[in-house]
Each structure stands twice: as structure tokens, then as C-alpha cells.
Amino acid sequence: MIDIKEVIETNKMIKEMNLDVRTITLGISLLDCMDTDLNKMKEKIYTKITTLAADLVKVGNDIEREFGVPIVNKRIEVTPISLICASTCKCVDDYVEIAKTLDEAAKKVNVNFIGGFGALVSKAMTKNEELLIKSIPFALSVTERVCSSVNVASTRCGINMDAVNLLGNVIKDLAYNTKEQDSLGCAKLVVFCNAPDDNPFMAGAFHGVTEGDCCINVGVSGPGVVKRAIDLVKGEDFETLCETVKKTAFKITRVGQLVAKEASKRLNIPFGIIDLSLAPTPAIGDSIGEIFQSMGLEVAGAPGTTCALALLNDQVKKGGIMASSSVGGLSGAFIPVSEDHAMIEAVEKGALTLEKLEAMTCVCSVGLDMVVVPGKTSSSTLSGLIADEMALGMINNKTTAVRVIPCYGKDVGEEANFGGLLGRGPVMKVNEYSCEDFVTRKGRIPPPIHSFKN
């Protein structure tokens, strides 16, 4: 049984260690909004979202005030739009209209972001799904709060290289269309392998087809709390270090469980999952890079960093699972570069390279996240980066993702500035040798041998 006493025990974490509930995300199925008439479908989508989410922000604010737990974002995730538009959207402009409707609904209920403008194409693309993907550079450049995700690979299906190749071009076009904002639009697009159906974190959130009509998912983040706990066991053995991370993750998850249950009760919407992901912010003391330093590494990227991240990720999951019967989503450690001041400093020192980041993604929760590269980077190189990350996820049977930002007009040594939680990002050097002849081959890379488990 969870009660307010457990929150009181975490007051110090909240006041001094940047503990927060990063998001309450309301998942909404739009399957019943399908219609052959575009305008009627837009009306159904707008009405359903604004009705179900009418009190989401108010309830989040009330819980934050009453329990003293900061809730940074209130968000919505919807059914992947490609699944409901097959008989309605006949061109790119139709999909842009749907994106505008989502944006209008998000503004009406005053949520920070709405996710789900995407497609699931790990094996192949229909013409409808291809149209949606081609609409992304326009849809995300004319909306403020819409986020997009495309799942192009899975352990069971392999890698859809046609989609990977297409997305390299999409990202380049989106970077250009939002060039006045340091190509910010690319921060709202993520490419997945093995995307989970219940992830509350943007930009990859969508309401999966295995979900019900609606649910409440909560994402809790506490890198500052974990860092402080590790500082207290400096010099101790690995068993002590692991136990410390696990116990801390347990306490953090309990806070999220309380908030999730309370939000579910007040909104009269079923509770889904708790996602315990150590997601950093630009604030000092709220950094994954600082956790590495507390573990004994001079800087993120030093030899041993991948091992330290594997330890951290595993113990966070173990602690979270003990604290809640409904842990899901990604749950582990994010390693975005632009949102973490210690990771930024590591890149600026030359200690952390794109290749080292790729190695770290083998053991983290997501993948190459919020990585800024030169604006001149070719679309085929972007596709190559995506393909590499998809291969890691496919072979290792884990979720991986790419959120890469080719910052238009900027090169290595400069930085992009996004503001807010997205922070700033140094432009990282990319291997400039060509992979074009590889990524432009047609078709699909088949699944690995160990995917056949029937």
C-alpha cells in the first residue's frame, strides 16, 4: 500500500537532488475515429482528445501542489496515425492536416507535447505509411507540440532499409524546414527498433495497438538522486554500488507509483505503467554524465563508461521492478547529449565521440539521442547512422532509437541552442566516408537467427 508518508520520505530528494515526475502521459486510442471523410475524422480526433484530456493538466497541477512532487510535463500519446488514415489521407497535405488537428487539440488542453504522428513499418511500408513518413518534414515544421516516431526495425522482422533510406531524406528536409530554430524539428522525430507500446517519453511516445481505449503512463526521472546516493558510497565495492543504485531506484519508483495511481483515480482512467528512466536535464546535479564521474570515471567517454552504464541501467530496472508491478516503457538510463551538461562537456573535451556513444547504446535504454551533427551531413550518412543503431537493437533484442539533428548551417566546433529541457548541443564530428551504395539497396535485412523462437 502506498501512502503520503512515502512521499514525505523523499522530500530531500525533491528539494536538493532534482527528483521529479518527468511526465504524466495520457494514452488515447483513435481507432474509433476512423472515417472516410477527412473533415469528419479530424473532428472526431479533436473531440476525443479534448474530451478525455480536458482535466489532465489541472489534475497534474493539483497533485503536484498537494504532494509536493514536481511534475514537469503533461503529455498525450495517440494511436500511430498511419493506422487510422489508410482510407482517408490520399496525399502529404492530408497528413499535414491531421498533424495540425493534433496540435490544435494539444493547445486546447494545454499539454506540452502530443506524440503518435508516426508509423510502424519494421517489415515493409504501405503506400499510406510511406505518405505519412514523407509528410513529416512539413507536419513538424508547421506545428508546435506534435512529435513523431517511426519504428523501422525489430528483432522479429529485421530492418526495413527502404524506410531507413527514406528517413535519411526526411530528416534532412526537416532540418532545413526548421533551420531558423537550429533545426529544432528534428528533436521531435525519433526512429525506433523494437519500439514499446507504452512509452510515455517524447518524442517516441505513442498509444500502442496492444493498449485499451485510454490509460495513464508516468515517467519518473532522478539522476540527481542516484548521483547523491553513489557519492555516499565512494570507494566501496561493486556489490555495495549496485545495491545503492537499486535501493535508490526503488524509492524513486514508489513516488511515481503514487502519482500515477492518484492521477488515474482522479481522471477515472486506467493506470498503465511507470517508466523509470534516468532522463537528465541541463541543470547542474541532474546529469547522467555526473553519475559516471561519481562512479569513478574522470569523464563520460573514458574507458569503462560502457560498463558503468550497463551497471546503472540494470540496477535501475531491478529496483524499479521491485517497487511496482507495472514497470514498462523504456526504464533505464537515457544518454542524450544536448540535455546533459556533463555529456556536453565530455564532447567538448574530445572524450566522448559518436562512435563511443554508439557503443554505449548497446546497454542503455534508448540509443543515439539528441545528437547534433553538421548540417552538411548527407542523407545517406544519416541513414547509415540509423541502420547501425537499428542493427544493435535487432541483434540484441532491445529497444534502440535515433534522434539525430543535422543542424543546418553549423559545423563541428559550433553548437545548437534549443532552450528549455532540450538545452544546447555541440555539433559532433561524423565519419564522412560514404555508405550511400549500401543504404540505397532496396528491401529488407532479414531478422537474426535467434528471432525464431516458435
Side-chain angles (χ1 to χ4, degrees), residues 21-30 33 41-61 71-82 84-85 94-119 132-133 135-150 170-171 174-175 177-190 199-207 214 216-219 263 267 279 281 336 338-339 369-370 403 405 417-423:
V21 170
R22 186 57 49 85
T23 179
I24 294 178
T25 301
L26 171 60
I28 301 174
S29 172
L30 299 182
C33 295
M41 188 169 73
K42 286 166 56 180
E43 183 179 352
K44 289 179 180 179
I45 290 172
Y46 182 85
T47 300
K48 185 165 189 182
I49 292 173
T50 54
T51 300
L52 283 175
D55 296 325
L56 177 62
V57 172
K58 179 183 181 301
V59 166
N61 291 339
I71 302 173
V72 180
N73 288 292
K74 293 83 180 177
R75 300 165 172 170
I76 295 170
E77 57 188 8
V78 299
T79 307
I81 290 300
S82 70
I84 68 168
C85 292
D94 288 348
Y95 278 107
V96 175
E97 287 300 307
I98 296 293
K100 289 179 179 178
T101 300
L102 294 175
D103 203 44
E104 290 167 5
K107 290 176 180 177
K108 174 66 176 178
V109 298
N110 199 31
V111 293
N112 304 95
F113 292 109
I114 184 166
F117 189 79
L132 182 142
I133 294 171
S135 77
I136 289 172
F138 308 99
L140 297 192
S141 61
V142 298
T143 57
E144 294 178 18
R145 308 185 190 194
V146 174
C147 292
S148 181
S149 62
V150 183
V170 164
I171 292 169
L174 180 54
N177 288 351
T178 55
K179 62 181 183 297
E180 302 302 327
Q181 301 167 286
D182 278 353
S183 301
L184 175 63
C186 297
K188 297 187 288 179
L189 168 63
V190 60
N199 162 33
F201 283 98
M202 299 297 170
F206 63 87
H207 191 69
C214 57
I216 290 289
N217 296 324
V218 168
L267 291 167
T281 70
S338 77
E339 300 171 12
D369 191 24
M370 287 301 292
R403 187 162 48 149
I405 303 164
N417 289 283
F418 307 117
L421 285 175
L422 297 178

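Positions are given from 1, in the same order as the sequence printed here. Please read all numbers here as calculations on a predicted model, not as lab measurements.
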Is [Y] close to [X] at the side-chain level, that is, under 4.5 Å between some pair of heavy atoms?
X      : Y      : result
Phe418 : Ser338 : yes
Cys85  : Ile98  : yes
Cys147 : Leu189 : no
Ile114 : Val78  : yes
Leu30  : Ile81  : yes
Leu102 : Thr143 : no
Val57  : Val109 : no
Arg145 : Lys107 : yes

Taking it one step at a time, do Thr23 and Val218 satisfy side chain to side chain contact (heavy atoms under 4.5 Å, CB included)? CA-CA 6 Å; Thr23 179; Val218 168; over 6 Å; no
Is the backbone of [Y] close enough, under 3.5 Å, to the side chain of [X] for a donor and an acceptor to pair up by distance?
X      : Y      : value
Thr25  : Arg75  : no
Ser183 : Ile405 : no
Asp182 : Leu184 : no
Asp103 : Glu144 : yes
Asp369 : Arg403 : no

Between [X] and [Y], which heavy-atom pair has the shortest distance, and what is it?
X      : Y      : value
Ala187 : Ala203 : O-CB, 4.0 Å
Gly185 : Leu174 : O-CD2, 3.3 Å
Asn177 : Ser141 : CB-CB, 3.8 Å
Asn112 : Val72  : OD1-O, 4.2 Å
Val59  : Ala263 : CG1-CA, 4.2 Å

Would you mind listing every side-chain hydrogen bond (donor to acceptor under 3.5 Å, both in side chains) that reaches into residues 41-54, with sequence neighbours excluded? Asp32-Lys48, Asp35-Lys44, Lys42-Glu97, Lys48-Asp213
Sequence neighbours excluded, which residues qualify as side-chain hydrogen bond (donor to acceptor under 3.5 Å, both in side chains) partners of Asn61? Lys74
Can you name the side-chain hydrogen bond (donor to acceptor under 3.5 Å, both in side chains) partners of Lys108, sequence neighbours left out? none
Value rounded to 0.5 Å, distance of [atom1] in [X] from [atom2] in [Y]:
X      : Y      : atom1 : atom2 : value
Ser148 : Ile136 : OG    : CD1   : 3.5 Å
Thr101 : Phe117 : OG1   : CZ    : 10.5 Å
Ile49  : Leu56  : CD1   : CG    : 12.0 Å
His207 : Ser29  : NE2   : OG    : 5.0 Å

Going by atom types alone, do Glu77 and Asn217 pair a side-chain donor with an acceptor below 3.5 Å? yes
